[in-house]
Novice: 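One structure is given below, represented as structure tokens, and several questions about it will come after.
These numbers come from the heavy atoms of this one structure, side chains and all, not from hydrogens, waters or symmetry mates.
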Amino acid sequence: QVDVTAMARLFGYVDVTDSGFIAAVLSIAFNPLFWNVVARWEHKTRALSRAFGSPHAACYCLGAVILMLNCVRSHCFTEAMKSQPKLEGLDYHWAYYSGLAILAVGTLFVISSFLALGFTGTFLGDYFGILMEAKVTRFPFSILDNPMYWGSTAIYLGWSLM
């Protein structure tokens, strides 16, 4: 026997049939799949590097595409959040300010990761043969193994609470 009351309560707060929710889920799943497939294809074939004339130009182009896809993902996420039912327990100042604090910490991790890695370090330069001279160990990598992922997750969690 499985108790499904928790799932039934969850589905009372999440409308999985909403087109905005579906678009958000698809964009969240598509983005990492896309950039990993393209990066691995580039690593195997060097086709983008040849097409753009250099690995740096190809990496910057892929980085720009990834940034645009992230804008689409953020827009879909925001629209899905607007259309979903709201938990009454989150309709308080403490929830808003907690979300804001979590979002701020996430933003700190994402921006400091980007500054530590640079553009090509952030946007899969290693797949283009653009390697860093040494492993990055300064903040935020000194306290987390994957600060960009944790930071992005914190941003979306904070945004959701807000």
Novice: Do F141 and M148 sit in the same hydrophobic cluster, where Ile, Leu, Val, Met, Phe, Trp and Tyr count as joined when their side-chain heavy atoms come under 4.5 Å apart?
Specialist: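 Different clusters.
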Novice: Kindly give the cluster partners of V37, where membership spreads through any ILVMFWY side chain lying under 4.5 Å from a current member.
Specialist: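 Result for V37 is L33.
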Novice: side-chain contact (heavy atoms from CB on, under 4.5 Å), that's the test. Do S83 and D18 meet it? Break it down for me.
Specialist: CA-CA 8 Å; S83 67; D18 176 53; 2.6 Å; yes
Novice: May I ask you to decide if Y149's main-chain N or O and S152's side chain share a donor-acceptor pair within less than 3.5 Å?
Specialist: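 Here the side-chain-to-backbone pair does not exist.
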Novice: Okay, side chain of R50, backbone of P55: is any donor-acceptor separation there less than 3.5 Å?
Specialist: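 Looks like no, no N/O pair under 3.5 Å.
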Novice: Would you list the atom pairs, donor with acceptor, under 3.5 Å between side chains in residues 21-32 and any protein atom, with sequence neighbours excluded?
Specialist:
from : atom 1 : to  : atom 2 : distance (Å)
S27  : OG     : A23 : O      : 3.2
S27  : OG     : A24 : O      : 3.0
N31  : ND2    : L69 : O      : 3.2
N31  : ND2    : N70 : OD1    : 3.2

Novice: Under a 4.5 Å side-chain heavy-atom rule over Ile, Leu, Val, Met, Phe, Trp and Tyr, are L67 and W35 clustered together?
Specialist: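 Yes.
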Novice: Same cluster or not: are Y96 and L90 linked, directly or through other Ile, Leu, Val, Met, Phe, Trp or Tyr residues, by side-chain heavy atoms under 4.5 angstrom apart?
Specialist: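 No: no chain of side-chain contacts under 4.5 Å links Y96 to L90.
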Novice: I want to check something: taking the side chain as every heavy atom from C-beta on, are W150 and P147 in contact at a cut-off of under 4.5 Å?
Specialist: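 The answer is no; the side chains never approach within 4.5 Å.
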Novice: Not counting sequence neighbours, which residues clear salt bridge (charged side-chain N to carboxylate O under 4.0 Å, His left out) with K135? List them please.
Specialist: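 Testing K135 for salt bridge (charged side-chain N to carboxylate O under 4.0 Å, His left out), a comparison that skips the adjacent residues, returns none.
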Novice: Roughly how far apart are I66 CD1 and F34 CZ, rounded to 0.5 Å?
Specialist: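 Answer rounded to 0.5 Å: 7.0 Å.
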Novice: Heavy-atom distance under 4.5 Å between the side chains of F52 and L62, does that happen here?
Specialist: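 The answer is no, as the side chains (C-beta and beyond) never meet within the 4.5 Å cut-off.
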Novice: Check ring pair (Phe, Tyr, Trp, His ring centres under 6.0 Å) between W159 and all other residues, then give those that pass, not counting sequence neighbours.
Specialist: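 W159: ring pair (Phe, Tyr, Trp, His ring centres under 6.0 Å) contacts with F77, Y156.
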Novice: Shared ILVMFWY cluster between M162 and Y97, side chains joined below 4.5 angstrom?
Specialist: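 Hydrophobic grouping puts M162 with Y97.
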Novice: With sequence neighbours left out, write down each residue that passes salt bridge (charged side-chain N to carboxylate O under 4.0 Å, His left out) with D91, or none if nothing qualifies.
Specialist: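 Checked D91 against salt bridge (charged side-chain N to carboxylate O under 4.0 Å, His left out); matches are K86.
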Novice: Does the side chain of L48 reach to within under 4.5 Å of the side chain of V38, using non-hydrogen atoms?
Specialist: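 Yes - at least one pair of side-chain heavy atoms lies under 4.5 Å apart.
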Novice: Rounded at 0.5 Å granularity, tell me how far CG in L100 sits from OG1 in T107.
Specialist: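 L100 atom CG to T107 atom OG1 measures 9.0 Å (nearest 0.5 Å).
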Novice: Taking the side chain as everything from C-beta on, heavy atoms only, tell me whether M132 gets closer than 4.5 Å to V136.
Specialist: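 The answer is yes; the side chains approach within 4.5 Å.
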Novice: Let me check something: any side-chain donor-acceptor pairs from residues 111-126 under 3.5 Å, sequence neighbours excluded? List them with distances.
Specialist:
from : atom 1 : to   : atom 2 : distance (Å)
S112 : OG     : L108 : O      : 2.6
S112 : OG     : F109 : O      : 3.3
S113 : OG     : F109 : O      : 2.6
T122 : OG1    : G118 : O      : 2.8

Novice: Within this structure, what is the OG1-CZ distance for the pair T78 and R73, rounded to the nearest 0.5 Å?
Specialist: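 So the gap between those two atoms works out to 11.0 Å.
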